[in-house]
There are 2 protein chains.
Amino acid sequence: MSLRHGLLGLLAEGPASGYDLTQHFQTALGTVWPAQHPKIYAELTRLAEDGLIEVESLGPRGRKAYRITGSGLVEIRRWLAEEPVDHTLRQEPLLRAFFFWLMTPEQLDAHLRQEAAFFSAAAEQLRSFAAAKDRGEFGSAPPTQSVRIAIEAGIRLYGALAEWAEWARDAPPVLPERPGAEIID
Amino acid sequence: MSLRHGLLGLLAEGPASGYDLTQHFQTALGTVWPAQHPKIYAELTRLAEDGLIEVESLGPRGRKAYRITGSGLVEIRRWLAEEPVDHTLRQEPLLRAFFFWLMTPEQLDAHLRQEAAFFSAAAEQLRSFAAAKDRGEFGSAPPTQSVRIAIEAGIRLYGALAEWAEWARDAPPVLPERPGAEIID
DNA sequence: AGAGGACATGTGCCTAGGGACATGTGAAGA
DNA sequence: TCTTCACATGTCCCTAGGCACATGTCCTCT
């Protein structure tokens, strides 16, 4: 139930509407924790029922902004400090790697080339974002500094994956035997 | 629905029972794609209904081993070659990083120290596993070579996260202001 | 005046996944 | 003989998440 704490954390920065929060989850936070608006609105309702957030203001076009409450702040801090961290690397590119031997050498090389290109580009994009932050373009409030730290993790992870994909391309080519190869050959 | 393809990929190596597959998902594959036995048995039934796998043999204690079929092999290869890769870094440690500014400097330092220790240990464990593979202790069949490549990704990712956590500890300490700090202070 | 697009919030359905509960077998050792 | 443990397979329920569908408003530009 990390969406709950993601929303709570964002609201700790200041009041926001479901729409605002959806934007956050489609940009920076979205690469790490994707969430669509239906889930967000539903979770906000639940958080309000539980008294962790409350309606701050009503605006035009039905806009409803929420504000975090005292118990909400206590809860997000409790989560950060006490809840055990989930360390699983739940990444599809890694799952696929276990089955590379089922691809032809040509398919595998093309795949790894694409992956390397994607990961390099993603790392590069984050790097330029980080550079903008370091130039002070987004101020230096504590939340901004935390975003900078999170982005650094993204840079390093995507960078590591890009290098891995290149390494794998050069690794001793697999496949002396391929059971069932007749099916596609 | 990656569990489906994970099972298919494992069965491409040779026949196995739900119990065998559960073991796989609790060790190597499990760090990347956790799955419990109820899900695995259910998915095997569905895969068999769809003709992608079939019962290979019945053994003692109700053991039921499955074998991949021709269409199963076609499907796993189609998935590997054609399905777009999901690149999201869905990692809780990263989500938490966005909210580091809500922790006290002491909490944050302790947290990052623990994270660095965990990631280093995880990387080290994978490194020694990889070394054993490189010594040929598990043979050199194609599936083993793919596992080696997947492990390399794990080593690099955990290594990158360990270095990141150390970097973050040394990063300019945050928190001149902490809204709501009175709640816990 | 009308059209298009960004703003804004929801419902409903289906699948995936986690965890508790339930049951039974075969082998090894005390 | 009895106990314990690894082997082995499943059901059930609840929550999380993805996606399609539905609705309405305000502003800007033509």
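In what follows, every chain begins at residue 1, and chains take the letters A, B, ... in the order their sequences are listed.
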Aromatic plane relationship, His5(A) with Trp79(A) - under 30° parallel, 30 to 60° tilted, over 60° perpendicular: parallel
Sequence-distant partners of Phe118(A), ring pair (Phe, Tyr, Trp, His ring centres under 6.0 Å), two or more places apart: His87(B)
By side chain to side chain donor-acceptor pair (under 3.5 Å) - contacts of Glu82(B) (at least two apart):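 Scan of Glu82(B) (side chain to side chain donor-acceptor pair (under 3.5 Å), adjacent residues dropped) gives none.
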Those residues that, when tested against Thr45(B), pass side chain to side chain donor-acceptor pair (under 3.5 Å) (two or more places apart):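 In terms of side chain to side chain donor-acceptor pair (under 3.5 Å), with neighbours along the sequence ignored, Thr45(B) is linked to no residue.
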Short side-chain to backbone donor-acceptor contact, Thr69(B) and Gly51(B), under 3.5 Å: yes
What is the separation between atom [atom1] on [X] and atom [atom2] on [N], rounded to the nearest whole Å?
X	N	atom1	atom2	answer
Gln36(A)	dA16(C)	CD	P	16 Å
Ile40(B)	dG18(C)	CD1	P	10 Å
Lys39(B)	dG18(C)	NZ	C1'	9 Å
Glu43(A)	dT15(D)	CD	C1'	10 Å
Glu92(B)	dA16(D)	CD	C1'	14 Å
Leu95(A)	dA16(C)	CG	P	15 Å
Leu7(A)	dA16(D)	CG	C1'	13 Å
Leu47(A)	dT15(D)	CG	P	15 Å

Base versus backbone protein contacts along nucleotides 1-15 of chain C [heavy-atom cut-off under 4.0 Å; B, S, -]: -----BBBBBB----
Reference residue Ser17(B); test side chain to side chain contact (heavy atoms under 4.5 Å, CB included); the match among Arg63(B), Gln23(B), Glu56(B): Arg63(B)
Exceeds 12 heavy-atom contacts within 6.0 angstrom, atom CD of Gln26(B):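 Yes, because the 6.0 Å sphere around CD of Gln26(B) holds more than 12 heavy atoms from other groups.
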Positions of residues 25-34 of chain B (non-hydrogen atom under 4.0 Å from DNA chain C), listed by number: Trp33(B), Pro34(B)
Of all pairs that satisfy salt bridge (charged side-chain N to carboxylate O under 4.0 Å, His left out), the ones with a partner from residues 85-95 of chain A, not counting sequence neighbours: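 For residues 85-95 of chain A: Glu92(A)-Arg96(A).
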Short side-chain N/O contact from Arg90(A) to OP1 or OP2 of dG18(C), under 4.0 Å: yes
Salt bridge (charged side-chain N to carboxylate O under 4.0 Å, His left out) assessment of Asp109(B) paired with Arg113(B): CA-CA 6 Å; Asp109(B) 191 68; Arg113(B) 210 168 42 232; 3.0 Å; yes
